[in-house]
Amino acid sequence: MPELPEVETTRRGIAPHIEGQTVQRVILRRDTLRWPIPDNLDRLLRNQPLQQVTRRAKYLQLQFAHGMLLIHLGMSGGLRILHSPIPAPGKHDHVDIIFSNGTVLRFHDPRRFGCVLWSDDGNHSLLTELGPEPLDDTFDAQYLFDLSRKKTVNIKGFIMNSRNVVGVGNIYASEALFMAGILPTTAAGDVSRARFEKLCQSIKLVLTRAIDQGGTTLKDFSNSDGKPGYFAQQLQVYGREGLPCPKCANAISKSILAQRATYYCGRCQR
DNA sequence: CGCTGACCCTGACGGC
DNA sequence: TGCCGTCAGGGTCAGC
């Protein structure tokens, strides 16, 4: 489910309900997601105040004084805030974190590609190899240009590689490349400095727009069916195979790149 | 080192 | 109605 905008929307949705609250207990209903969930999580978190909810890439970080809980939503994961009366857990509700004021943070993930991990030092190995945040100023055209020289991987794979830049998922990779007028199959090393300028701007723009859209539905977040609404946003090419290109009316094409659906306009993108 | 493809898992959907 | 194949927005890892 989540691309970066949805993770950020989730962070903003849950943070005001749980920041400053103390954990009363943790319920684990499954011992493994992508990786094993620490089985001592209840002992680790019990009576600990949650200081802050932050995000790095698509990882949510629940910060405590003695470490942080790292949560990744994978393809199908989600977090919900529940208030009394707490509904019975469904089939894929794997973890509940119950706070002393009665609020529950519930993690669900049908496909179980997500993870819930603990890090003592706040410097988990999953985070150490990550590239810059796309919305940071350190992420710019020069950075991408320098990094991409002599790289033969296609540009879509290049921007989706979290070592290069984090948070650009399959939907927004197609969208940003369309906006920048770059064919997804172009070798990263062949993309000019000027075109990286455009691409960098496009990545920032699509993600910012999507986060803004997600923000509009934050009020629904504590509902039982609360889903961030970024999915409703206007997508220019993703999922629009055969439909007219918004710029030139040419039919949108679909191809598979690195096992992922890729949408583009063969006329606007070169 | 860089790149490609296999893989993890369940559910939704379309065709027959 | 049910069965089967296909596909899905995440990421890691082995192997070439």
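In what follows, chains carry the letters A, B, and so on, assigned in the order in which the sequence lines appear, proteins first and then strands, with residues in each chain numbered from 1.
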Trainee: For A:Ala258, which contact category applies under a 4.0 Å heavy-atom criterion: base, sugar-phosphate, or nothing?
Mentor: nothing

Trainee: Can you tell me the distance, in whole Å, between the CG atom of A:Asn154 and the P atom of B:dT4?
Mentor: 7 Å

Trainee: Are the aromatic ring centres of A:Trp35 and A:His72 under 6.0 angstrom apart?
Mentor: no

Trainee: Nearest heavy atom decides the nucleotide; on that basis, is A:Arg111 or A:Trp35 closer to the 5' end of DNA chain C?
Mentor: A:Arg111

Trainee: Examine the side chains of A:Thr22 and A:Gln48 and answer whether a donor and an acceptor come within less than 3.5 Å of each other.
Mentor: no

Trainee: Within less than 4.0 Å of OP1 or OP2 of B:dC9, is there a side-chain N or O belonging to A:His92?
Mentor: no

Trainee: Tell me whether A:Asp96 is salt-bridged to A:Arg29, with the criterion being a basic N under 4.0 Å from an acidic carboxylate O.
Mentor: yes

Trainee: Could you check how far CD of A:Gln259 sits from P of C:dA14, rounded to whole Å?
Mentor: 17 Å

Trainee: Measuring from the side chain of A:Glu6 (C-beta onward, heavy atoms only), which nucleotide among C:dG11, B:dG11, C:dG9 has the closest atom?
Mentor: C:dG9

Trainee: Without decimals, in angstroms, what is the distance between A:Lys156 NZ and C:dG10 C1'?
Mentor: 13 Å

Trainee: Has the side chain of A:Gln21 got a donor or acceptor atom that lies under 3.5 Å from a matching backbone atom of A:Leu50?
Mentor: no

Trainee: From C-beta outward on A:Tyr238, which listed nucleotide comes closest to its side chain: B:dG2, C:dG9, C:dG11?
Mentor: C:dG9

Trainee: Could you tell me whether the phosphate oxygens of B:dC1, OP1 or OP2, come under 4.0 Å of any side-chain nitrogen or oxygen in A:Lys151?
Mentor: no

Trainee: What's the closest nucleotide to the A:Tyr263 side chain, out of C:dA8, C:dG10, B:dC7?
Mentor: C:dA8

Trainee: Report the base-pairing partner of B:dC9 (Watson-Crick or G-U wobble, both distances below 3.5 angstrom), or none.
Mentor: none

Trainee: Could you state the CG-P distance from A:Asp109 to C:dG11, rounded to the nearest angstrom?
Mentor: 13 Å

Trainee: When rounded to the nearest 0.5 angstrom, what distance separates CZ in A:Arg195 from CG in A:Asp190?
Mentor: 10.5 Å

Trainee: When you measure from the side-chain N and O atoms of A:Arg112 to the phosphate of B:dT10, is any distance below 4.0 Å, counting only OP1 and OP2?
Mentor: yes

Trainee: OP1 or OP2 of C:dA8 less than 4.0 angstrom from a side-chain nitrogen or oxygen of A:Lys254, does that happen here?
Mentor: yes

Trainee: Whole-Å distance between C:dG10 P and A:Leu126 CG?
Mentor: 16 Å

Trainee: Rounded to the nearest angstrom, tell me the gap between atom CZ in A:Arg149 and atom C1' in B:dC1.
Mentor: 18 Å

Trainee: Does A:Ser76 place a side-chain N or O at less than 4.0 Å from the phosphate oxygens OP1/OP2 of B:dT10?
Mentor: no

Trainee: To the nearest angstrom, how far is A:Leu73 atom CG from B:dC9 atom P?
Mentor: 19 Å

Trainee: Report which part of the nucleic acid A:Lys150 touches: base, sugar-phosphate, or nothing (heavy-atom distance under 4.0 Å, all strands).
Mentor: nothing

Trainee: What nucleotide, of B:dG11, C:dA8, C:dG11, holds the atom closest to the side chain of A:Lys91?
Mentor: B:dG11

Trainee: Just name whichever nucleotide pairs with C:dG9, Watson-Crick or G-U, keeping both distances under 3.5 Å, else none.
Mentor: none

Trainee: Distance only, no hydrogens: is a donor on one side chain within 3.5 Å (strictly under) of an acceptor on the other, for A:Gln24 and A:Ser100?
Mentor: no

Trainee: Atom OH of A:Tyr172 to atom C1' of C:dG9: distance rounded to whole Å?
Mentor: 9 Å

Trainee: Rounding to an integer number of angstrom, what distance separates C:dG9 and B:dC3 when you compare their C1' atoms?
Mentor: 23 Å

Trainee: Stacking here means centres under 5.5 Å and planes under 30°; does A:Phe113 stack on B:dC8?
Mentor: yes

